[in-house]
K.L.:
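Attaching a single structure in structure tokens format; questions to follow.
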Amino acid sequence: MGKVDLDFKPSVPVFDACITVGRRYDRYIRVDNVADTLATMDRAGVQRALAYTPHALDFDSVEGNSYLMEMIKGQPRLVPQFAVNPSFDDLPLMAKSMKQHGVRSLRIAPKFQRYPFREWVLGPFFDWLEANRTPVWVAAEEIDPSEFHATVSGRPGLRFVMSQVHFMHETWAVPLLMSLPNVSIEVSRMLQPNSFNKLIDAIGAERVMFGSRFPDSAMAPQLYYLHRSGLSQSQLQAVCAGNLGRLLGKG
Amino acid sequence: MKTPVVDFHAHVGRWGSFGMADDLETYLRVMDAAGVDISCINCIFYGEAHRNLDSVMPFVKKHPDRFVPVAYVTPRYLQDAIPELERAFGKLGARFLKLYPTYLGKPIDDPSYFPIFEWANDHGIVIMSHSSFFFEGDTLTMPRLFPALAKRFNKVRWVLGHSGNNMNGQAQAVAAARECDNIYLETCTSMAEAGTIEFLVNGAGEDRVLYGSDMPLLDARNQVGRIVTADISDEAKKKVLGLNAIKLLGLKNKS
Amino acid sequence: MAKIVDTPVIDVHAHVGQWGAKFRPASPKMYVDIMDAAGVDRMGFNCIYFDDERKSHNVVADWVSKYPDRFIGVAFGTPRHPDETIPELERAFDQLGFKYMKIYPTYYTKPVDDPSYDLIFEWANSRGIVIMCHSSNVADWDTLTLPTKFIGLAKRFTKVKWLLAHSGNAMRGQVLAVEAAKQCPNIYLEICTSFAEAGTIEFLVNGAGEDRVLFGSDIPLMDPRYHVGRVVTADISEAAKQKVLGLNAKKLLGL
Amino acid sequence: MGEVELHFKAAVPTFDACVFLGRRYNRYVRSDSVAGIIESMDRCGVGKALVSHVHAIDFDGEDGNEVLLQEMKGQPRLVPQFGANPTMDDAGQLIAQMRAHGVRSVRIDPKQHNYPFTDWMAKGWLDRLAKEGISVFVAAPQIEPDQLHTMLRAHPDLRVVLSEVHYVHTPWIFPLVRAVPNVYVEISRFVVVDGPKRLVDAMGLHRVLFGSRFPDSAMAPHLYGLHQMGFTKAELSAICAGNLEKLLGRAA
């Protein structure tokens with residue numbers, strides 16, 4: 001008989017490194033408001049979550065980020081992440097808004113927003129990030145691996161988090177992480193057999209962060225998988241919350 | 001030459017992902033430079049229906065003589081749609097309704113739209129929908145879907161935004177307008193093949209073509225340029241630029 | 001709080017055969033270690049990588065022989081070589097002891113209701129066999145295994161029990177899969193997918209009923225721990241969780 | 001009341017940097033002849049136009065360029081531009097042909113012709129064109145921006161005119177024109193708000209060129225828009241003709 005836990009809750013504090021809030025312009029999603037998001041976190045045993053709104057990437061960072069702040073206002077468990085389009089946005093204005101709202105991380109979408117991920121496009125943005133010690137999230141599907149590798153290897157002072165890494169990306173994502181010590185991974189789509197063990201064997205636990213990409217995936221299942229992967233308690237703590245807390249705390 | 005110019009197709013809401021801002025000062029400066037009196041503005045980016053018109057209203061409140069509010073709803077959240085229509089037309093003075101099936105991912109004649117069409121028909125309002133038929137397969141808003149709707153919901157005046165977009169779509173749009181006298185064609189597009197305005201005016205008649213720009217994505221000066229430099233009569237130019245819109249929307253003609 | 005139970009957990013959707021691009025090395029021992037960590041009792045796997053049923057069945061039988069109390073053989077059938085198919089299916093079920101079969105129209109590149117599949121379906125119907133088939137509708141183009149295509153098949157081949165792998169894959173496919181299960185008592189839904197939107201398990205169980213949803217993982221593409229996690233953390237009753245995890249499969253497959 | 005000009009004509013000498021001649025193999029266009037081009041030019045006061053033949057792009061440079069020269073013979077207002085493909089066309093022969101007919105620019109289409117725009121593909125070919133002072137025109141959708149950036153850096157003597165820049169290219173067009181001095185922008189599809197003005201602000205006056213991509217868009221509206229943009233007459237003259245004249249007049 002199989003041994004399963006029908007009422008699973010995580011055994012460590014959890015800080016989800018990837019959720020979204022807000023309706024989408026192109027499709028219906030089952031959870032699009034803050035109240036239901038918090039209820040899901042309660043059920044899943046997740047204390048805090050780093051949240052962005054797709055509106056800020058699909059349409060516009062200024063309006064999307066303010067939409068985000070309006071939705072999560074007064075909810076300390078939802079930690080805002082702003083989206084930025086470095087080829088268009090006014091960076092000083094962005095900095096001001098981040099400071100005002102205590103925002104400690106950004107998310108970019110180079111392929112969708114159609115700018116080359118290259119120093120000649122992003123140089124000033126990178127200087128600004130470095131000065132502000134701001135980590136940047138980017139979904140794996142938004143990355144051209146060679147371009148990303150070439151550019152990031154020239155910027156060891158920056159911190160990147162590769163997010164939503166699907167098994168389609170595994171062939172290049174793990175070598176990329178091994179080669180670039182300033183890149184971390186958010187594991188919402190790492191569903192392959194033994195993926196956490198293989199990942200931690202390859203790069204250690206310090207750069208691995210739990211995330212769910214809720215509501216495009218359910219929030220709790222990946223925590224169940226993590227808890228059944230034979231990690232030490234300290235590794236589990238680091239992956240579920242510690243690494244993300246440390247990354248956002250820098251600065 | 002002074003003549004009323006009404007921009008039937010304009011937006012608010014930033015689209016920084018593709019380099020589009022919507023600040024009021026630039027908006028007015030470009031309208032002035034282009035000779036545009038009034039812009040009919042909508043916002044289509046938000047799932048919550050009220051947020052769209054709420055983004056529009058500050059422009060209207062600040063310059064009620066320059067901006068006309070346009071409602072937007074989607075059947076994806078039908079529970080919001082009818083109350084929003086009541087609010088938009090009953091309280092906020094919206095002059096017509098914009099629809100964008102591309103974001104819904106379903107065709108304009110999908111039954112999920114019907115409660116909205118019925119409401120519009122009962123109130124005899126104007127609906128502008130995106131329309132496009134670039135290539136075989138671009139079917140969600142192909143102009144040839146509209147005649148059946150125009151016949152079924154015959155109290156609605158239907159405006160085909162972009163008139164089908166490129167030449168393939170324009171041919172269908174003109175055929176639709178010929179078939180139904182409650183179908184109108186709006187001109188803006190970034191395709192803009194030579195001869196487009198002439199084709200629309202000669203095909204659908206000069207009374208049923210409406211100037212639009214897609215501001216603040218596209219510059220109104222270029223889009224006005226498409227009308228004034230077209231090989232059509234001065235009378236037709238004036239109708240397309242503003243007189244038709246004034247009549248259709250019941251605006252005051254200040255001339 | 002935690003509630004550890006001993007309950008049958010049967011993974012009905014698994015594959016063997018190396019797929020170097022995704023997962024290597026795969027070995028019976030590694031599968032069993034992962035099953036133990038996940039709390040999975042038994043696993044039914046097939047091999048679809050060879051366009052040759054005999055070779056597929058030999059690979060599967062070899063793995064089953066390593067852990068016969070943990071592994072269940074699943075046959076594979078494709079119409080591409082029709083003269084080989086039925087004899088090979090007979091060998092799989094009669095001599096090798098396989099319990100159900102898998103078909104994969106995506107590799108065959110024809111829809112599941114293509115007449116060339118009838119040969120297999122007629123044979124399966126005569127024996128009352130369970131057929132698991134990929135099912136998916138993630139976008140408009142994705143129609144080969146559209147869940148609603150199974151309604152016609154389930155009504156024609158009433159003795160077959162149809163198991164829709166992935167339950168249509170993304171949300172739009174899930175809606176169709178639930179519709180198919182509602183219309184036909186001999187349609188069952190299997191849960192694994194890498195889309196896995198929040199609320200999927202709840203939607204399937206509430207829609208199709210808790211007796212017709214089955215746990216599967218798609219190993220070696222995905223890890224059973226994740227998909228067990230989707231079931232045990234879903235907002236459904238404990239009885240429903242146990243049915244989905246294994247009781248339904250036990251009954252369906254006569255284990 | 002809106003103030004508009006119902007009978008517009010260009011106020012400065014105008015040289016359209018992007019016009020196409022010829023019937024298409026895959027679709028109907030409303031104007032496909034020399035007479036059609038001239039008529040459109042006359043309507044809005046365009047003096048000259050730089051013309052490529054679609055056959056040279058869609059099928060073959062040698063054939064298409066020859067048809068171009070035949071069809072526009074005796075029309076001094078039309079200035080020929082050759083279609084070219086570095087993977088097919090011998091640089092020596094091409095340059096000889098161009099010299100013979102006074103052709104000062106080529107149009108390339110790397111994506112349509114399936115080659116990467118890189119040095120290992122085209123270095124020698126581009127070096128010879130650059131030495132000859134020939135400018136290279138390429139449509140923005142036809143090129144990988146990062147490849148273009150690399151090549152502009154590697155070939156400082158080469159002048160590249162990016163045509164048909166659309167709003168979807170805004171994310172990289174501004175960084176590109178700031179980063180390299182040897183790229184020009186033709187504005188036929190950059191009809192975004194303040195488009196030409198923003199380009200002039202980013203790259204200076206002398207690398208922005210009026211073009212229409214006639215007949216895929218009408219010729220006059222771009223010119224009308226430019227005239228309402230608030231440029232001085234000198235600026236307008238540079239954009240409408242002067243910059244292109246200078247570019248094509250570069251010495252070998």
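Every chain is numbered from 1 and lettered A, B, ... according to where its sequence line falls, protein lines coming before strand lines.
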K.L.:
Could you give the distance from CG (C:D235) to CZ (A:R43), rounded to the nearest 0.5 Å?
P.N.:
4.0 Å
K.L.:
When heavy-atom pairs shorter than 4.5 Å are enumerated against chain A, which of C:M35, C:H227, C:M171 gives the highest number?
P.N.:
C:M171
K.L.:
Just give me the residue among A:G230, A:S217, A:A218 that pairs up with chain C most often, heavy atom to heavy atom, under 4.5 Å.
P.N.:
A:S217
K.L.:
With a 4.5 angstrom heavy-atom cut-off, is it the side chain or the backbone of C:A170 that approaches chain A, or both, or neither?
P.N.:
neither
K.L.:
Side chain from CB out, backbone as N, CA, C, O: work out which of these in A:R213 comes under 4.5 Å of a heavy atom of chain C, or both, or neither.
P.N.:
side chain
K.L.:
Looking only at heavy atoms and a cut-off of under 4.5 Å, which of C:I201, C:D36, C:V5 has the most pairs with chain A?
P.N.:
C:V5
K.L.:
Which value, rounded to the nearest 0.5 Å, describes the distance between A:Y224 atom OH and C:R230 atom CZ?
P.N.:
14.0 Å
K.L.:
Could you look at C:L245 and say if it's the side chain, the backbone, both or neither that has a heavy atom under 4.5 Å from chain A?
P.N.:
side chain
K.L.:
With a 3.5 Å distance limit and no angle check, can you tell me whether C:R225 reaches the backbone of A:R228 through a side-chain donor-acceptor pair?
P.N.:
yes
K.L.:
Could you give the distance from CZ (A:R27) to CZ (C:R172), rounded to the nearest 0.5 Å?
P.N.:
11.5 Å
K.L.:
Could you please state which residues from residues 7-15 of chain C sit under 4.5 angstrom from chain A, measuring non-hydrogen atom to non-hydrogen atom, sorted by number, or 'none'?
P.N.:
C:T7, C:P8, C:V9
K.L.:
Flag yes if more than 12 heavy atoms outside A:R23 fall under 6.0 Å of its CZ atom; otherwise flag no.
P.N.:
yes
K.L.:
Is it the case that atom CD in C:E202 sees more than 12 heavy atoms from other parts of the structure closer than 6.0 Å?
P.N.:
yes
K.L.:
Please round to the nearest 0.5 Å and tell me the distance separating atom CG of A:L226 and atom OH of C:Y226.
P.N.:
11.5 Å
K.L.:
Is it the case that A:R30 places NZ or CZ above or below the six-membered ring of C:F203, under 6.0 angstrom from the centre and within 45 degrees of the axis?
P.N.:
yes
K.L.:
Passes side chain to side chain contact (heavy atoms under 4.5 Å, CB included), A:N194 versus C:M30? Steps please.
P.N.:
CA-CA 10 Å; A:N194 292 330; C:M30 181 168 286; 4.2 Å; yes
K.L.:
Answer yes or no: are there more than 12 heavy-atom neighbours, outside A:K111 itself, under 6.0 Å from its atom NZ?
P.N.:
yes
K.L.:
Below 4.5 Å from any heavy atom of chain A, which atoms of C:T200 appear? Answer side chain, backbone, both or neither.
P.N.:
both
K.L.:
Looking at C:P220 and A:P193, what are the two nearest heavy atoms and their distance?
P.N.:
O-CD, 3.0 Å
K.L.:
Taking C-beta and beyond as the side chain, do C:L221 and A:Q192 meet within less than 4.5 Å on heavy atoms?
P.N.:
no
K.L.:
Between C:D223 (side chain only) and A:L191 (backbone N and O only), is there a donor and an acceptor less than 3.5 Å apart?
P.N.:
no
K.L.:
State, yes or no, whether a side-chain contact exists between A:V4 and C:I4 at a heavy-atom distance under 4.5 Å.
P.N.:
no
K.L.:
Surrounding NZ of C:K99 (heavy atoms of other residues, nucleotides or ligands, distance under 6.0 Å), is the total greater than 12?
P.N.:
no
K.L.:
Checking heavy atoms, do the side chain of C:A37, its backbone, both or neither come under 4.5 Å from chain A?
P.N.:
both
K.L.:
Counting only non-hydrogen atoms closer than 4.5 Å, does A:H227 touch chain C with its backbone (N, CA, C, O), its side chain (CB onward), both, or neither?
P.N.:
neither
K.L.:
With a 4.5 Å heavy-atom cut-off, do A:L6 and C:Q242 have their side chains touching?
P.N.:
yes
K.L.:
Counting only heavy atoms closer than 4.5 Å, note whether A:S229 contacts chain C via side chain, backbone, both or neither.
P.N.:
both
K.L.:
Keeping C:K3 on the side-chain end and A:D5 on the backbone end, is there a donor-acceptor pair under 3.5 Å?
P.N.:
no
K.L.:
Are the side chain of A:R189 and the backbone N or O of C:S194 linked by a donor-acceptor pair below 3.5 Å?
P.N.:
yes
